[in-house]
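Only a predicted model underlies this, so the values are computations on that prediction, with no experimental measurement involved.
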Protein chains: 2
Amino acid sequence: MRDPANNDERIEALRQALHARGLVLTPQRRAIFRAVLDIGEHPTADRVHAALRRRRIRVSRATVFRTLEALAGMGAITKACHPGSSVRYDGRTDRHHHLVCTRCDRIVDFSDAKLDALPVPDTAGFGFRVNELRVQLRGICEQCREQEEKA
Amino acid sequence: MRDPANNDERIEALRQALHARGLVLTPQRRAIFRAVLDIGEHPTADRVHAALRRRRIRVSRATVFRTLEALAGMGAITKACHPGSSVRYDGRTDRHHHLVCTRCDRIVDFSDAKLDALPVPDTAGFGFRVNELRVQLRGICEQCREQEEKA
DNA sequence: TTAAGTGCAAAAGCTTTGCGGGTAG
DNA sequence: CTACCCGCAAAGCTTTTGCACTTAA
């Protein structure tokens with residue numbers, strides 16, 4: 001997600017998606033969206049807010065929460081599944097998979113052609129309309145392992 | 001998780017796991033553990049606390065939070081990955097998979113032999129020690145779809 | 001005696017909501 | 001004018017922490 005040309009495309013797509021709903025791409029929305037794409041690491045709302053402040057972009061916390069929720073609602077970004085206690089947003093909307101550290105809740109993207117080719121299993125009877133299949137590899141990340149060794 | 005004989009086995013296993021760490025299976029810990037197993041639906045700490053109160057079992061909120069965290073830490077239960085904003089616990093520790101509703105954060109277990117047989121992809125270079133592979137099917141649950149149709 | 005365990009209440013962290021003022025069509 | 005939009009502050013959740021008291025080895 002550090003391809004600036006692609007980011008421009010996605011911002012343009014966002015503008016259109018907003019417009020289709022009678023909404024506007026404000027400077028705040030643009031900045032919040034860009035921040036999620038730039039940070040990459042499945043940030044929390046608070047992390048996005050902090051990143052914006054560091055860049056001297058003034059946006060209120062409430063607007064960050066509202067906007068991230070709205071962007072996720074219209075599919076411009078997604079919510080990442082995680083074992084922790086605050087919502088994590090994901091700039092990627094394409095099919096991909098996650099390594100999840102069960103110690104520190106870190107989430108790292110990875111891709112795997114075989115996994116991408118997996119057919120969605122039959123889950124009729126559960127009443128779900130399934131939109132996508134994602135694989136999670138749960139484990140312990142390098143940093144947590146190092147910390148563990150000290151103790 | 002509604003097999004009472006199995007629950008008894010698991011409580012006995014928990015007693016031993018605690019004992020191995022110099023800890024004790026107190027009435028509170030037993031009740032909290034049983035509640036997670038009985039509820040089944042990947043409850044939050046607060047949901048466990050409410051369930052216990054409904055059964056007239058008095059346990060403080062702090063103890064519920066502390067205990068669930070400890071049980072997860074020693075592997076007696078797990079944390080479920082979810083897109084929401086509060087920790088979800090899972091009584092199951094065996095390999096299984098989840099349907100996740102991206103609208104209401106409902107989590108439903110499902111099993112699939114083919115998925116269980118999936119080899120863990122090569123993720124050398126990420127520094128993770130991977131312990132398990134889980135598949136998530138993200139979508140919209142029946143209740144949310146019905147609600148959607150009304151609107 | 002000592003360490004573990006719990007409840008309570010306060011603190012801390014995360015998220016939503018209500019409202020007032022601003023702004024663009 | 002009328003929505004939309006944002007910031008602010010308050011309210012509402014969720015989770016952790018400090019402390020006092022109890023209990024069991």
Separation of [N] [atom2] from [X] [atom1] (nearest whole Å):
X	N	atom1	atom2	result
B/Asp105	D/dT14	CG	P	12 Å
A/Arg47	C/dT15	CZ	P	14 Å
A/Asp46	D/dT14	CG	P	18 Å
B/Phe65	D/dG18	CZ	P	17 Å
A/Leu68	C/dT15	CG	C1'	12 Å
B/Arg53	C/dG7	CZ	P	10 Å
A/Glu69	C/dT15	CD	P	9 Å
B/Arg66	C/dA4	CZ	C1'	11 Å

Result for 5'-nearest mapping on DNA chain C, choosing between A/Ala45 and B/Leu25, is B/Leu25
In terms of the nearest nucleotide of DNA chain C, which residue is placed more toward the 5' end: B/Arg61 or B/Ser85?
-> B/Arg61
Can you find a side chain N or O atom of [X] that sits less than 4.0 Å from OP1 or OP2 on [N]?
X	N	value
A/Thr63	D/dG7	yes
B/Thr26	C/dT6	yes
B/Arg29	C/dG5	yes

Which nucleotide in the set [options] lies at the smallest distance from any side-chain heavy atom of [X]?
X	options	result
A/Arg58	D/dC4, D/dC8, C/dC14	D/dC8
B/Ala62	C/dC8, D/dT15, D/dC4	C/dC8
A/Gln28	D/dG7, D/dT14, C/dG7	D/dG7

For A/Gln16 and A/Glu12, test the side chains for any donor-to-acceptor distance below 3.5 angstrom and give the result as yes or no.
-> yes
Ring geometry between A/His97 and A/Phe110 (parallel below 30°, tilted from 30 to 60°, perpendicular above 60°) | tilted
A/Thr78 (side chain) donor-acceptor with A/Arg92 (main chain) under 3.5 angstrom | yes
Paired with A/Leu115, the side-chain contact (heavy atoms from CB on, under 4.5 Å) test is passed by just one of A/Val135, A/Leu137, A/Leu133, namely A/Val135
Intermediate values then yes/no, ring pair (Phe, Tyr, Trp, His ring centres under 6.0 Å), B/His82 and B/His98 = CA-CA 10 Å; B/His82 62 91; B/His98 286 157; over 10 Å; no
